[in-house]
Amino acid sequence: QVQLVESGGGLVQAGGSLRLSCAASGRSFSSYTLAWFRQALGKEREFVAAITWSPSSTVYGDSVKGRFTISRDNARNTVYLQMNSLKPEDTAVYYCAADRRLDIRVRVRTPTYDYWGQGTQVTVSS
């Protein structure tokens, strides 16, 4: 069992930056694919970014490409999401997710991960 806890959300002005963190406990997640999703009020959960393991690679949603960066620190069991040039449309609850099943690589953009955090609110004011 893996428990995920997000932090780092808050209120920021458009053009600003935030860094989200997601700490995992329960077991080492070095062999997990880790991802960030977000869900705005009244909308479906949207893929933001993912980072696989062995080989490590990153995938980004089109709406955040070039502005957001996902990274992981396996020694700290933590995944990060650096968000720059934030826009009001980035406002949402951000969730981290983890999955170690081999087929995650073909469904990396879908919200079908095994483990989810409770989410952290990000609000971008115009």
>> Give me the atom names and distance for the closest heavy-atom approach of S71 to V79.
In response: O-CG2, 3.1 Å
> Any idea which heavy atoms bring S17 and N84 closest together, and the distance?
Replying inline: OG-OD1, 2.9 Å
>> For the CG atom of N77 and the CG atom of L34, what is their distance to the nearest 0.5 Å?
In response: 9.0 Å
> If you round to the nearest 0.5 Å, how far is CZ of R72 from OG1 of T33?
Replying inline: 7.0 Å
> If you measure from CD1 on I70 to OH on Y80, what distance do you get to the nearest 0.5 Å?
Replying inline: 12.0 Å
>> Tell me if a side-chain donor or acceptor on T52 pairs with a main-chain N or O of S57 at a distance below 3.5 Å.
In response: yes
>> Using the salt bridge (charged side-chain N to carboxylate O under 4.0 Å, His left out) criterion, which residues pair with R105? Sequence neighbours excluded.
In response: none
>> Let me confirm one number: the CZ-OH distance from R100 to Y32, rounded to the nearest 0.5 Å.
In response: 5.0 Å
> By side-chain hydrogen bond (donor to acceptor under 3.5 Å, both in side chains), which residues pair with R67, not counting sequence neighbours?
Replying inline: D90
> With ILVMFWY side chains joined below 4.5 Å, transitively, what does F47's cluster contain besides itself?
Replying inline: F37, V59, V93, Y95, I104, V108, Y113, W116
> What pairs with R101 under salt bridge (charged side-chain N to carboxylate O under 4.0 Å, His left out), at least two apart in sequence or on another chain?
Replying inline: D99, D114
>> Quiz question: by atom type and distance under 3.5 Å, do the side chains of S63 and R38 form a donor-acceptor pair?
In response: yes
> For D62, which residues count as a side-chain contact (heavy atoms from CB on, under 4.5 Å) partner, sequence neighbours excluded?
Replying inline: K65
>> Return the CH2 to CG distance between W36 and L20, rounded to the nearest 0.5 Å.
In response: 4.5 Å
> For the atom pair CD (E44) and CD (Q39), what is the distance rounded to the nearest 0.5 Å?
Replying inline: 8.5 Å
>> Tell me the closest heavy-atom pair linking T69 and Y60, and the distance in Å.
In response: CA-OH, 3.4 Å
Pairs under 3.5 angstrom only: tabulate donor-acceptor contacts from the side chains of residues 4-16 to other protein residues two or more places apart or in another chain.
{"unit_1": "E6", "atom_1": "OE1", "unit_2": "Q118", "atom_2": "N", "d": "3.1"}
{"unit_1": "E6", "atom_1": "OE1", "unit_2": "G119", "atom_2": "N", "d": "2.8"}
{"unit_1": "E6", "atom_1": "OE2", "unit_2": "C96", "atom_2": "N", "d": "2.9"}
{"unit_1": "E6", "atom_1": "OE2", "unit_2": "G119", "atom_2": "N", "d": "3.2"}

> Just by modelled atom types, is the V124 backbone N or O under 3.5 Å from a matching donor or acceptor in the T91 side chain?
Replying inline: yes
> What closest approach, in Å, do W53 and S31 show between heavy atoms, and which atom pair accounts for it?
Replying inline: NE1-O, 2.6 Å
